[in-house]
Amino acid sequence: MMKTYLSVIRNCKVAQRWSFSHATRCAVSPSPFSSKWNCKRLMVRRLGTDIPTEDRNYYITTPIFYVNAAPHIGHLYSAVTADYLHRYKLLQGFNSRFVTGTDEHGLKIQQAANAAGQDPLSFCTKVSERFKYLFKSCHISYTDYIRTTEERHRCAVEHFWTVLQSKGFIYKGNYEGWYSTQDESFLTPSQVGDAKDSSGKEIKISLESGHKVEWMKEENYMFRLSEFRSRLQEWLEGNPRAVQPERFHHAVLQWLQEDLPDLSVSRQRSRLQWGIPVPGDLDQTIYVWLDALVNYLTVAGYPDSHSQWWRAAHHVVGKDILKFHAIYWPAFLLAADLPLPQTIHVHSHWTVGGKKMSKSLGNVVDPLERSQRFTIDGMRYFLLRQGVPDTDCDYDDDKVVKLLNAELTDSLGGLLNRCTAPSLNPAQVYPHFCSDSFPSQGTESHKGRAVDEDYHMLDAVRALPAVVEQHYESVHVYKALEAINRCVRQTNGFVQRHTPWKLGSGDGRDQLWLDTILHVSLECLRMYGTLLQPIVPEIADKLLSRLGVKPEEKSWAALNFLVKYQGKDCPFEGRALGPDTGVLFNRLERPNAEKGKPKKAKKATKVKS
Ligand code: MSP
């Protein structure tokens with residue numbers, strides 16, 4: 001078995017090595033003006049030829065969402081995070097698959113369906129459709145939507161179970177311990193604390209989630225999780241970027257120092273009917289987390305041909321479900337002799353009014369309503385601009401309005417508006433760049449009008465793709481957007497500094513300089529539009545279309561900034577601009593004090609359920 005394990009680890013490392021070297025390339029890819037840039041261009045070109053097709057595959061997943069309640073803003077955040085990664089990889093020339101869906105089995109769902117007086121499947125279908133509708137509405141461009149109640153998934157789970165059992169990792173035992181139905185999680189005594197419920201009754205809760213736990217004693221099937229401690233440690237230590245950001249990587253290693261008992265992987269059918277029966281034992285139902293995690297394999301094609309996608313798997317997960325993804329899931333995969341995921345991207349949570357969202361507090365933010373109010377791209381931008389993977393973020397409508405008005409309406413929209421205005425650009429073309437007006441730095445030219453700050457701006461915009469790539473790769477999107485926004489401000493400063501509207505058309509040299517200012521500004525805008533595509537696809541498309549950029553010129557490989565400055569031909573020069581379809585992003589009204597504020601949270605009790 002050790003031999004097999006080593007080969008798994010080896011395979012896994014080979015796969016990861018490629019991904020790291022790719023990420024490193026991205027992180028260090030410098031400006032288009034240096035020789036390293038050419039090296040990067042070669043790499044991009046290589047993606048199309050030398051690298052075997054399966055190494056160009058990228059497989060990104062969201063967690064599958066519980067259907068016991070309606071979607072909220074936190075769910076949309078998980079989905080938008082995976083969506084931008086998918087879009088970004090496509091722009092880089094990868095074959096990307098992106099899966100999301102719903103987690104429909106388990107006690108929690110069984111109880112929710114009972115409480116609603118509905119049969120579980122109809123109940124699940126209704127809520128699953130709500131998630132699907134939300135995702136479609138918010139342009140979540142998934143390529144597969146999975147429901148764990150589907151037949152293809154049952155086949156995959158049954159097969160997976162049989163493999164684990166045939167390899168001796170599942171045995172029948174007696175489970176006795178704490179269980180949280182809300183988290184569908186087993187807990188050790190050290191993870192449980194005392195609390196009082198709303199009626200003052202003493203109860204036990206999970207220290208991590210605050211949810212109520214109950215003592216459970218059942219004959220179950222157990223998984224030999226305890227055997228995997230050192231293998232998991234080896235995996236994490238050998239792959240320091242397997243769980244990101246770093247603090248979550250450390251957290252998992254820390255957990256692995258603690259107690260790691262075998263895991264109960266089934267429930268008695270008499271208690272849990274809503275789930276997949278254990279193959280060969282109809283008195284037991286498979287534990288919902290084992291069932292749910294296998295969804296990632298199901299969509300990759302398991303148990304049939306799946307490795308071309310499975311070896312390129314990356315998961316996006318919230319911090320509350322890290323243990324399931326970074327301990328249970330890799331242990332199951334090792335037991336089944338399957339490669340481990342490449343990366344687990346962890347994000348923190350959205351709170352509202354400083355508190356966790358919950359129905360009982362009345363502070364749940366409806367993502368569909370907000371994306372209608374603030375627009376789809378507006379919400380996508382806000383979530384990714386404000387969401388910080390390492391720490392929780394507080395949602396506030398007023399913050400949304402201020403941020404979008406400042407960065408999308410005024411800064412980016414204002415820049416586009418200025419530089420394409422018929423008053424400055426009556427011919428409505430991409431104007432010519434005059435290298436005498438903006439000579440390369442160090443060139444002796446008395447006619448040049450560019451000043452030091454203009455050269456600094458060029459440096460910043462040149463370096464921007466590398467900066468953005470680095471932050472997109474590590475899912476520090478806010479840093480990428482911060483960097484883009486800084487450059488947008490610099491470009492606005494450039495225009496403001498040279499007041500092109502004051503340049504009289506009578507003077508030929510003035511006209512050349514005016515055209516150059518516009519050319520440089522449009523080149524900057526083209527970079528911003530291209531880089532923003534994964535985040536705000538509609539806005540980016542509107543911007544690029546206004547600049548006359550063709551669909552085949554929107555890829556990452558087309559991020560070659562201001563080639564005229566290097567004395568090369570620019571394909572855009574002299575080209576007609578696209579039609580003016582109105583402002584880039586309409587100014588939003590500040591919500592009035594009462595209407596905009598999320599409902600004041602009712603006094604919280606310590607217990608969540
Ligand atoms: N069904 C499991 C996942 C199984 S994956 C094999 C589950 N579902 S969930 O609906 O509760 O959560 C889905 C995702 O939403 C998780 O990544 C979770 O962290 C995320 N969020 C739930 N509440 C959130 C916030 N308040 N903020 C941000 N994300 C949040 O867990």
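Counting convention: from 1, in listed order, for ligands and their atoms alike.
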Provide, to 0.1 Å, the distance between [atom] and the closest protein heavy atom, together with that atom's residue and name.
{"atom": "atom 13 (C) of ligand 1", "answer": "Phe65 CD2, 3.5 Å"}
{"atom": "atom 11 (O) of ligand 1", "answer": "Tyr66 CD1, 3.3 Å"}
{"atom": "atom 21 (N) of ligand 1", "answer": "His349 NE2, 4.0 Å"}
{"atom": "atom 27 (N) of ligand 1", "answer": "Trp350 N, 2.8 Å"}
{"atom": "atom 15 (O) of ligand 1", "answer": "His75 CD2, 3.4 Å"}

Test your reading of the model: is there a side-chain donor-acceptor pair from [X] to the backbone of [Y], 3.5 Å cut-off?
{"X": "Thr285", "Y": "Leu272", "result": "yes"}
{"X": "Ser206", "Y": "Ser209", "result": "yes"}
{"X": "Asn220", "Y": "Ser266", "result": "yes"}
{"X": "Tyr59", "Y": "Tyr296", "result": "yes"}

(message) Under 6.0 Å from the ring centre and within 45 degrees of the ring axis: does the NZ or CZ of Lys108 meet both conditions for the six-membered ring of Tyr66?
(response)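 Yes.
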(request) Taking the six-membered ring of Tyr179 (Phe, Tyr or Trp), confirm whether the NZ or CZ of Arg267 is under 6.0 Å from its centre and within 45° of its axis. (result)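 That pair qualifies as a cation-pi contact.
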Against heavy atoms of [X], which atoms of ligand 1 measure under 4.0 Å?
{"X": "Gly74", "value": "24 (C), 25 (C), 27 (N), 28 (C), 29 (N), 30 (C)"}
{"X": "His325", "value": "5 (S), 6 (C)"}
{"X": "His72", "value": "22 (C), 23 (N), 24 (C), 25 (C), 26 (N)"}
{"X": "Ser78", "value": "14 (C), 15 (O), 17 (O), 20 (C)"}
{"X": "Ala292", "value": "6 (C)"}
{"X": "His347", "value": "28 (C), 29 (N)"}

Mind checking whether [X] and [Y] have side chains closer than 4.5 Å, heavy atoms only?
{"X": "Ser78", "Y": "Val317", "value": "no"}
{"X": "Leu90", "Y": "Phe94", "value": "no"}
{"X": "Thr100", "Y": "Asp83", "value": "no"}
{"X": "Val157", "Y": "Leu290", "value": "no"}
{"X": "Asp377", "Y": "Pro537", "value": "yes"}

(message) Under 4.0 Å, counting heavy atoms only: does Glu184 come that close to any atom of ligand 1?
(response)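 False for this residue.
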(message) Can you tell me if Ser348 contacts ligand 1 (heavy atom of the residue under 4.0 Å from the ligand)?
(response)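 Flag set, Ser348 near ligand 1.
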(message) If you compare all heavy atoms of Pro339 against all heavy atoms of Leu333, which two are closest, and at what distance to 0.1 Å?
(response)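 Smallest interatomic distance, heavy atoms only, reads O-CD1, 3.8 Å.
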State whether the shortest distance between N or O atoms of [X] and N or O atoms of ligand 1 falls below 3.5 angstrom.
{"X": "Pro63", "result": "no"}
{"X": "Asp103", "result": "yes"}
{"X": "Lys319", "result": "no"}
{"X": "Met357", "result": "no"}
{"X": "Gly318", "result": "yes"}

(message) Are Tyr472 and Tyr84, when compared by the centres of their aromatic rings, separated by less than 6.0 Å?
(response)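 For Tyr472 and Tyr84, the ring centres are under 6.0 Å apart.
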Should one rank [options] by closest heavy-atom distance to [atom], which comes out on top?
{"atom": "atom 18 (C) of ligand 1", "options": "Asn68, Leu322, Asp320, Thr100", "answer": "Asp320"}
{"atom": "atom 5 (S) of ligand 1", "options": "Tyr328, Tyr395, Tyr296, Phe324", "answer": "Tyr296"}
{"atom": "atom 2 (C) of ligand 1", "options": "Leu76, Ile64, Ile321", "answer": "Ile64"}

(request) Mind checking whether Lys356 contacts ligand 1 via backbone (N, CA, C, O), side chain (CB onward), both or neither, at a 4.0 Å heavy-atom cut-off? (result)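 Within the 4.0 Å criterion, Lys356 makes no contact with ligand 1.
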(message) Taking 4.0 Å as the limit for heavy-atom contacts, which would you say applies to Trp289 with ligand 1: side chain only, backbone only, both, or neither?
(response)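 Contact part for Trp289 vs ligand 1: side chain (C-beta onward).
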(request) Under the salt bridge (Lys or Arg N to Asp or Glu O under 4.0 Å) rule, what do Asp103 and Arg147 come out as? Steps first, then yes or no, please. (result) CA-CA 6 Å; Asp103 188 354; Arg147 298 181 54 188; over 6 Å; no
